[in-house]
Amino acid sequence: MANIFPHSLARDWTAEPPDIRVLGNLPFNVATPLIIRWLSNMSARDNIFSYGRVPLTLTFQQEVAERMVAPPGDKRRSRLSVMCQNWARVNYNFTIPGAAFVPKPEVNVGVVTFTPLVKPYIDLPFPMVERIITTIFHGKRKHLVNNLSALFPKPMAKRFSEQMIAESGLGGREYWKTLSVLDLNMASLEQVCLAYVRICRENPSLLQ
């Protein structure tokens with residue numbers, strides 16, 4: 001979509017969004033992979049986002065839409081919540097009942113608008129953020145320190161995961177031993193990601 005509109009419509013990333021909007025009634029089976037791809041495009045400022053901070057208004061299964069806007073501490077918070085909120089301001093606009101569609105789906109539909117942020121909370125390359133967030137939200141009912149250990153080879157997992165939490169400033173040992181990833185806000189997640197990057201720079205073999 002980088003060439004679909006006149007380039008005269010493009011605006012600087014720090015300016016207001018251009019006079020372009022993307023609207024989509026997405027099939028449920030492609031909706032989540034597609035928004036992840038668009039978030040990656042936001043990060044790189046390419047595709048439709050070569051014109052600037054173009055808003056997207058899209059449909060999702062209601063349960064998925066609710067996960068996208070779930071705040072810290074909400075049981076619906078997930079990898080998808082963090083990925084969406086890191087690169088965009090996410091607004092749940094309204095719900096469309098399933099009965100409004102033909103054929104009628106078994107679920108209701110949430111309409112969500114994504115407006116790219118000028119600067120993401122976690123200002124790191126998209127693949128790095130995705131790797132860390134996907135790992136720490138896997139089995140999210142476990143304690144954070146256990147999830148972090150999956151980022152490292154087993155012989156060094158305990159050492160580096162504890163180092164990550166210590167460098168993230170998440171409180172004393174007794175506190176973070178019981179800390180759930182669901183409780184972390186974007187600022188805390190940023191510190192976790194930055195700690196991982198520092199450890200990898202000191203130990204480059206971890207990324208091989």
Side-chain angles (χ1 to χ4, degrees), residues 1-3 10-15 17-18 22 30-56 58 64 67-72 77-90 112-140 144-145 147-153 156-157 159-170 181-182 184-208:
M1 290 190 285
N3 298 311
R11 291 187 181 175
D12 187 82
W13 192 259
T14 59
V22 174
V30 303
T32 298
L34 189 54
I35 191 59
I36 292 296
R37 184 185 303 176
W38 269 328
L39 292 170
S40 177
N41 294 144
M42 286 181 199
S43 174
R45 302 181 188 179
D46 61 14
N47 199 332
I48 191 67
F49 305 105
S50 63
Y51 294 96
R53 295 186 299 115
V54 175
L56 315 172
L58 309 169
V64 174
R67 288 207 304 270
M68 290 173 165
V69 298
R77 193 160 173 83
S78 66
R79 159 191 172 259
L80 187 59
S81 314
V82 175
M83 296 298 288
C84 290
Q85 294 168 28
N86 190 57
W87 278 281
R89 185 175 74 249
V90 189
V112 182
T113 296
F114 305 82
T115 305
L117 297 175
V118 172
K119 182 179 179 180
Y121 290 95
I122 308 168
D123 197 7
L124 293 170
F126 187 90
M128 175 65 77
V129 177
E130 186 175 36
R131 174 180 181 175
I132 299 168
I133 299 303
T134 298
T135 300
I136 67 176
F137 271 90
H138 182 72
K140 63 187 178 184
L144 175 63
V145 67
N147 293 17
L148 289 177
S149 65
L151 288 166
F152 305 103
M156 21 183 121
R159 170 193 162 196
F160 283 137
S161 59
E162 292 189 358
Q163 181 181 338
M164 263 186 83
I165 293 184
E167 292 186 7
S168 300
L170 297 179
V181 67
L182 296 177
L184 299 182
N185 59 24
M186 297 303 296
S188 295
L189 288 166
E190 177 195 25
Q191 293 307 310
V192 169
C193 291
L194 291 175
Y196 180 70
V197 169
R198 286 194 297 270
I199 291 171
C200 289
R201 285 174 180 164
E202 295 167 1
N203 304 273
S205 62
L206 294 173
L207 292 176
Q208 294 178 359

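Numbers here simply count residues along the sequence, with the first being 1.
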Distance-only check: which donor-acceptor pairs under 3.5 Å involve side-chain atoms of residues 31-46, not counting sequence neighbours?
{"unit_1": "Asn41", "atom_1": "OD1", "unit_2": "Asn47", "atom_2": "ND2", "d": "3.1"}
{"unit_1": "Asn41", "atom_1": "ND2", "unit_2": "Asp46", "atom_2": "OD1", "d": "2.9"}

Item to check | CD1 on Ile165 to CG on Leu148, rounded to 0.5 Å | outcome: 5.0 Å
Checklist outcome for this item: In terms of heavy-atom contacts, Ser168 and Ala195 come closest through OG-CB, 3.7 Å
Checklist entry - Below 4.5 Å, heavy atoms only, C-beta onward: do Val129 and Met83 meet side chain to side chain? => result yes
Checklist entry - Is there side-chain contact between Met128 and Ile132, with at least one heavy-atom pair below 4.5 Å? => result yes
Next on the checklist: For the CZ atom of Arg89 and the SG atom of Cys84, what is their distance to the nearest 0.5 Å?
Outcome noted: 14.0 Å
Checklist entry - To the nearest 0.5 Å, what is the distance between OG (Ser161) and CE (Met164)? => result 8.5 Å
Item to check | Straight-line distance of Cys200 SG to Phe152 CZ, nearest 0.5 Å | outcome: 6.0 Å
Next on the checklist: If I compare all heavy atoms of Ser149 with all of Ala157, which pair ends up nearest, and what's the gap?
Outcome noted: O-CB, 3.5 Å
Checklist entry - Mind checking what makes side chain to side chain donor-acceptor pair (under 3.5 Å) contact with Arg131, not counting sequence neighbours? => result Tyr196
Item to check | Non-hydrogen side-chain atoms of Phe114 and Val22 separated by less than 4.5 Å | outcome: no
Item to check | Trp87 side chain near Ile122 side chain, heavy-atom distance below 4.5 Å | outcome: no
Next on the checklist: When you measure from the side chain of Gln85 to the backbone of Met68, do you find a donor-acceptor pair of N or O atoms at a distance under 3.5 Å?
Outcome noted: yes
Checklist outcome for this item: CD1 (Ile133) and CG (Leu80) are apart, to the nearest 0.5 Å, by 12.0 Å
Next on the checklist: Tell me every residue that passes salt bridge (charged side-chain N to carboxylate O under 4.0 Å, His left out) with Glu190, counting only those two or more places apart in sequence or in another chain.
Outcome noted: none
Checklist entry - Is there a donor-acceptor pair closer than 3.5 Å between any side-chain N or O of Trp13 and the backbone N or O of Leu117? => result yes
Checklist entry - What residues form a side chain to side chain donor-acceptor pair (under 3.5 Å) with Asp123, not counting sequence neighbours? => result none
Checklist entry - If you take all heavy atoms of Phe49 and Pro116, which pair is closest and at what distance? => result CE2-CG, 3.8 Å
Checklist outcome for this item: Residue set satisfying side chain to side chain donor-acceptor pair (under 3.5 Å) with Thr115, at least two apart, ordered chain then number -> none
Checklist entry - Which atom pair, heavy atoms only, marks the closest approach of Pro17 to Pro55? => result CB-CD, 4.0 Å
Item to check | Minimum heavy-atom distance between Val82 and Arg77, given as atom pair plus value | outcome: CG2-NH2, 3.8 Å
Checklist entry - For the atom pair CG (Leu189) and CG (Asn86), what is the distance rounded to the nearest 0.5 Å? => result 8.5 Å
Next on the checklist: Checking Val181 against Leu144 for the side-chain contact (heavy atoms from CB on, under 4.5 Å) test, could you report, in this order, the C-alpha distance in whole Å, the side-chain angles of both residues, the deciding distance, and whether it holds?
Outcome noted: CA-CA 5 Å; Val181 67; Leu144 175 63; 4.2 Å; yes
Checklist entry - Where the side chain of Tyr51 meets the backbone of Ala2, is there a donor-acceptor pair that is under 3.5 Å apart? => result yes
Checklist entry - Is there side-chain contact between Val54 and Met1, with heavy atoms separated by less than 4.5 Å? => result no
Checklist entry - Would a distance-only check, ignoring hydrogens and angles, find a side-chain to backbone donor-acceptor pair under 3.5 Å from Arg53 to Thr14? => result no
Checklist entry - In chain order, what residues pass the side chain to side chain donor-acceptor pair (under 3.5 Å) check against Glu130, with sequence neighbours excluded? => result Arg79
